[in-house]
Amino acid sequence: MALVVTNTLTRRKEEFKPLREGFVGMYVCGPTVYGHSHIGHAKSYVSFDVIARYLRHIGYKVRYVQNITDVGHLTDDADSGEDKIAKRAKEERVEPMELVETYMRSYFEDMDALNALRPDISPRASGHIPEQIELVKTLIAKGHAYEVAGSVYFDVTSWRRYGTLSGQRLDEMEEAVRIDPNEQKRHPSDFALWKKAEPQHIMQWDSPWGRGFPGWHLECSVMSMKYIGPTLDIHGGGLENSFPHHEDEIAQSEAATGQPFARYWLHNNMVTVKGKKMGKSLRNFITLKDAFAGKFPQDEEGNPTPIRPFRPMVIRYFILTSHYRNPLDFSVEAMEAAEKGLKRLEATVGAIRKRLIEPASGEVSPGAKQMIEELKSGFTAQMDDDFNSAGAIAELFKFSAKVNESLEAGEVPQGDLKAIDAAFTELAGGVLGIITAHTGREEESSASIEKGLLDLMVETRNGLRKAKQFQLSDQIRNRLGEMGVQLEDGPEGTKWKRV
RNA sequence: GGCGACGUACCCAAGCGGCUUAAGGGAACGGUUUGCAAAACCGUCAUUCACGGGUUCGAAUCCCGUCGUCGCCUCCA
């Protein structure tokens with residue numbers, strides 16, 4: 001079985017073969033940090049997190065680069081376009097870099113909560129100004145860019161392959177209704193590599209063309225090629241960036257190096273809310289912090305209304321139950337369904353881990369061995385098919401059902417428990433990241449006094465149950481339930497867990 | 001107007017030419033278990049894949065058309 005990925009460049013599934021044996025250089029467009037991250041960011045970065053994890057799982061050494069845009073991203077393409085960071089910094093009355101720091105931390109905090117592993121390199125645009133100036137100089141020298149009054153534009157007519165990624169054609173784009181005519185540009189589709197800064201502009205640097213700042217598209221070309229090389233194995237990002245952002249990246253990179261920029265373009269689809277795209281400018285977006293706190297937009301204005309909190313892991317699981325290339329519609333109902341599904345998986349893992357006595361010993365029985373092999377081959381087949389995490393989760397559920405069945409049937413040998421736990425840890429934990437080392441071990445990880453008190457409550461209640469004092473024992477269970485501790489009476493005694 | 005994607009059960013969602021007379025999750029309904037619950041387990045739940053044609057020995061999967069939804073062409077993950 002070989003890994004197959006859908007390449008936006010060719011619009012088909014292709015066998016994945018990196019440039020260098022055993023090594024994958026992967027670049028994913030990161031966030032512009034001028035506000036808190038939302039569910040759309042989560043879909044994108046959780047998807048690429050799993051892609052990176054899976055590539056490592058099948059043995060590749062991966063260098064995952066994901067930029068932080070902290071300068072140059074304009075609110076629109078017209079001359080009047082303001083830098084998003086500068087604009088927000090003015091509004092919040094802070095230094096631009098202060099704003100960047102705040103939201104960059106917020107971003108990493110949210111991604112950590114979603115159990116997305118950090119990229120290997122998180123380069124910032126503002127830290128790569130000299131490299132960006134160099135690339136602009138190269139493009140001018142090669143006749144692909146021109147300077148007008150302190151700004152430099154890429155000449156799209158000099159790059160005849162312009163539009164291959166998105167299937168756009170220059171002559172057709174000229175007719176596009178909403179492109180703002182900009183007198184400086186020779187062609188409406190020419191894009192800014194370097195912009196002249198007015199004296200009052202907060203972020204500006206010296207360049208051969210005077211004081212200014214880099215255009216948005218430039219940073220991705222510069223930073224990806226700096227840390228990976230002129231040809232990336234994978235370039236990822238959100239679908240909405242395929243045009244013009246990725247198209248421009250290809251043009252300026254290939255025009256500069258003369259080499260193919262990226263072998264595989266992977267695009268994740270959008271998150272929708274009630275069928276409509278969720279976007280920063282549409283004001284219908286749900287920030288991750290709101291979602292974790294249980295606030296969802298319920299009214300027409302999109303104001304966050306408290307419903308109930310969902311664990312970050314539920315959001316991660318929810319994202320992974322659909323394919324990264326398909327749109328995902330976000331709703332409270334869908335989150336509740338996802339929460340229940342994830343709990344079932346966690347319950348099985350918990351049941352295994354509770355029976356497991358470390359250090360576990362003993363051989364794995366042939367039956368368990370076969371179950372695990374079936375899981376692994378099914379899981380791998382799904383993930384090999386363009387990272388089909390939804391299919392991979394289905395395999396986990398099939399396996400989980402078999403595990404539950406054997407737990408129900410009677411004593412499972414320690415060797416089997418250990419192997420089953422290892423399989424879950426490797427696939428559901430290591431690859432999909434939907435369980436952690438703590439899953440099913442909530443009791444052990446509780447503070448000692450809390451644990452002692454709960455054990456005492458359970459003991460007391462079981463005494464009452466023995467004496468058939470059900471009214472009192474139910475009261476204890478109900479009250480603990482209200483506090484978020486769930487009691488389960490089973491044949492092996494009473495268990496408690498946090499809900 | 002140009003480019004592109006999607007339409008699978010009550011809901012979500014895989015499948016992309018034969019292994020599927022369609023995975024998995026949620027909901028629902030029976031049953032086992034339980035003091036009652038919860039959890040878990042067993043069973044039921046699409047001869048059918050928006051609709052109409054065509055290609056093929058064979059199509060949810062390929063082609064054409066129709067309808068519907070969405071995205072990009074302007075900032076956005």
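Scope of the values below: all heavy atoms of this structure, side chains included, with no hydrogens, waters or symmetry mates. Protein chains get the first letters and strands the later ones, always in sequence-line order, with residue 1 at the start of each.
- We find that CG of A:D386 is positioned 13 Å from C1' of B:rG15, with the value rounded to whole Å.
- Base pairing of B:rG17: no nucleotide in any strand meets the Watson-Crick or G-U wobble criterion (both distances under 3.5 Å).
- In terms of modelled atom types and a separation under 3.5 Å, the side chain of A:E15 and the main chain of A:V4 share no donor-acceptor contact.
- Look at the C1' atom in both B:rG17 and B:rA27: the space between them is 34 Å, to the nearest Å.
- Set against B:rC36, B:rA40, B:rG25, the side chain of A:A347 has B:rA40 as its closest nucleotide.
- Mapping A:N241 and A:H323 onto RNA chain B via the closest heavy atom, the residue that lands nearer the 5' end is A:H323.
- Distance noted for atom C1' between B:rU44 and B:rC10: 15 Å (whole Å).
- The A:M270 side chain lies nearest to B:rA77 when the options are B:rC72, B:rA77, B:rC36.
- With a cut-off of 3.5 Å on both pairing distances, the Watson-Crick or G-U wobble partner of B:rC6 is B:rG68.
- The existence of a salt bridge linking A:D386 and A:K13 is excluded, since no basic side-chain nitrogen approaches an acidic carboxylate oxygen closer than 4.0 Å.
- Across all strands shown, A:S37 has no heavy atoms under 4.0 Å from either base or sugar-phosphate atoms.
- For the P atoms, the distance linking B:rC70 with B:rA59 amounts to 33 Å, nearest Å.
- For A:R118 and A:F108, the positive end sits near the middle of the six-membered ring, less than 6.0 Å away and at most 45° from its axis.
- Remark: the separation of the C1' atoms in B:rC12 and B:rA23 is 14 Å, to the nearest Å.
- Using modelled atom types, no side-chain atom of A:E339 and backbone atom of A:A334 make a donor-acceptor pair closer than 3.5 Å.
- A stacking contact links A:F470 to B:rG35: the aromatic ring centre lies within less than 5.5 Å of the base's six-membered ring centre, and the planes differ by less than 30°.
- Rounded to an integer number of Å, the gap from CZ of A:F318 to P of B:rG25 is 17 Å.
- When only modelled atom types and interatomic distance are considered, A:H217 and A:H246 share no side-chain donor-acceptor pair under 3.5 Å.
- When atom types are taken as modelled, the side chain of A:K196 and the backbone of A:S151 share no donor-acceptor pair closer than 3.5 angstrom.
- Within the nucleic acid shown, A:K340 comes within 4.0 Å of sugar-phosphate atoms alone, with no base atom in reach, counting heavy atoms only.
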Grab the N/O contacts between the protein and nucleotides 41-43 of chain B below 3.5 Å, and write none if there aren't any.
{"from": "B:rC41", "atom 1": "OP1", "to": "A:N404", "atom 2": "ND2", "distance (Å)": "2.4"}
{"from": "B:rC41", "atom 1": "OP2", "to": "A:R344", "atom 2": "NH2", "distance (Å)": "3.4"}
{"from": "B:rC42", "atom 1": "OP1", "to": "A:E405", "atom 2": "OE1", "distance (Å)": "3.3"}

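- The C1' atoms of B:rA13 and B:rC6 are separated by 14 Å, rounded to the nearest whole Å.
- Only the P atoms considered, B:rC63 is 10 Å distant from B:rA5, to the nearest whole Å.
- With hydrogens and angles ignored, the 3.5 Å screen pairs no side-chain donor or acceptor of A:T8 with any backbone N or O of A:R11.
- For A:K398, whose side chain is taken as the heavy atoms from C-beta onward, the closest listed nucleotide among B:rA39, B:rG26, B:rA23 is B:rA23.
- Proximity of a side-chain donor or acceptor of A:R353 to a complementary backbone N or O of A:G440 within less than 3.5 Å is not detected.
- The existence of a salt bridge linking A:D49 and A:R53 is confirmed by a sub-4.0 Å separation between a basic side-chain nitrogen and an acidic carboxylate oxygen.
- Residue-level contact check: A:Y45 touches the backbone only, with heavy atoms under 4.0 Å from sugar-phosphate atoms and none from bases.
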At a cut-off of 3.5 Å, list every protein nitrogen or oxygen paired with a nitrogen or oxygen from nucleotides 4-9 of chain B, distance to 0.1 Å.
none

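- Nearest to the side-chain atoms of A:R461 among the listed nucleotides B:rG35, B:rG71, B:rC73 stands B:rG35.
- Across all strands, A:G40 comes closer than 4.0 Å to base atoms (heavy-atom distances).
- Using a 4.0 Å heavy-atom criterion, one finds that A:V28 contacts no nucleic acid atom at all.
- When the options A:F261, A:F48, A:Y264 are evaluated for a ring pair (Phe, Tyr, Trp, His ring centres under 6.0 Å) with A:H235, the one that passes is A:F261.
- Side-chain N/O atoms of A:N388 and base N/O atoms of B:rG15 include no donor-acceptor pair closer than 3.5 Å.
- Not one side-chain nitrogen or oxygen of A:K466 sits closer than 4.0 Å to the OP1 or OP2 atom of B:rG35.
- For A:A394, whose side chain is taken as the heavy atoms from C-beta onward, the closest listed nucleotide among B:rG35, B:rG24, B:rA77 is B:rG24.
- Listed candidates were B:rC36, B:rA38, B:rA77. Nearest to the side chain of A:M278 is B:rA77.
- Note: NE2 (A:H235) to P (B:rA77) measures 13 Å, nearest angstrom.
- In this structure, the side chain of A:E488 does not engage the main chain of A:W496 through any donor-acceptor pair within 3.5 Å.
- Each of B:rA38, B:rC72, B:rG35 was ranked by its minimum atom distance to the side chain of A:D474; first place goes to B:rG35.
- At whole-Å resolution of the value, CD1 in A:I352 and P in B:rA40 are 14 Å apart.
- The base-pairing partner of B:rA22, taking Watson-Crick or G-U wobble contacts with both distances under 3.5 Å, does not exist among the strands shown.
- Figure legend. B:rG30 is base-paired to B:rC42; pairs are counted as Watson-Crick or G-U wobble with both atom distances under 3.5 Å.
- B:rC36 is unpaired under the Watson-Crick or G-U wobble criterion, no partner having all donor-acceptor distances under 3.5 Å.
- Distance CG (A:L487) to C1' (B:rA38): 10 Å, rounded to an integer number of Å.
- A residue-by-residue look at A:R477 and A:S322 shows that A:S322 has its nearest nucleotide of RNA chain B further toward the 5' end.
- Nearest to the side-chain atoms of A:Q382 among the listed nucleotides B:rA23, B:rG35, B:rA14 stands B:rA14.
- In this entry B:rU55 has no Watson-Crick or G-U wobble partner, no candidate having both defining distances under 3.5 Å.
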Residues A:R355, A:D416; criterion salt bridge (charged side-chain N to carboxylate O under 4.0 Å, His left out); working and verdict: CA-CA 11 Å; A:R355 286 168 177 76; A:D416 286 6; over 6 Å; no
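- Rounded to whole Å, the C1' atom of B:rC73 lies 34 Å from the corresponding atom of B:rC11.
- A distance of about 42 Å separates the C1' atoms of B:rU34 and B:rC19, rounded to the whole Å.
- Using modelled atom types, one side-chain atom of A:S377 and one backbone atom of A:E374 make a donor-acceptor pair closer than 3.5 Å.
- When rounded to the nearest whole Å, the span between CZ of A:F379 and P of B:rA14 equals 16 Å.
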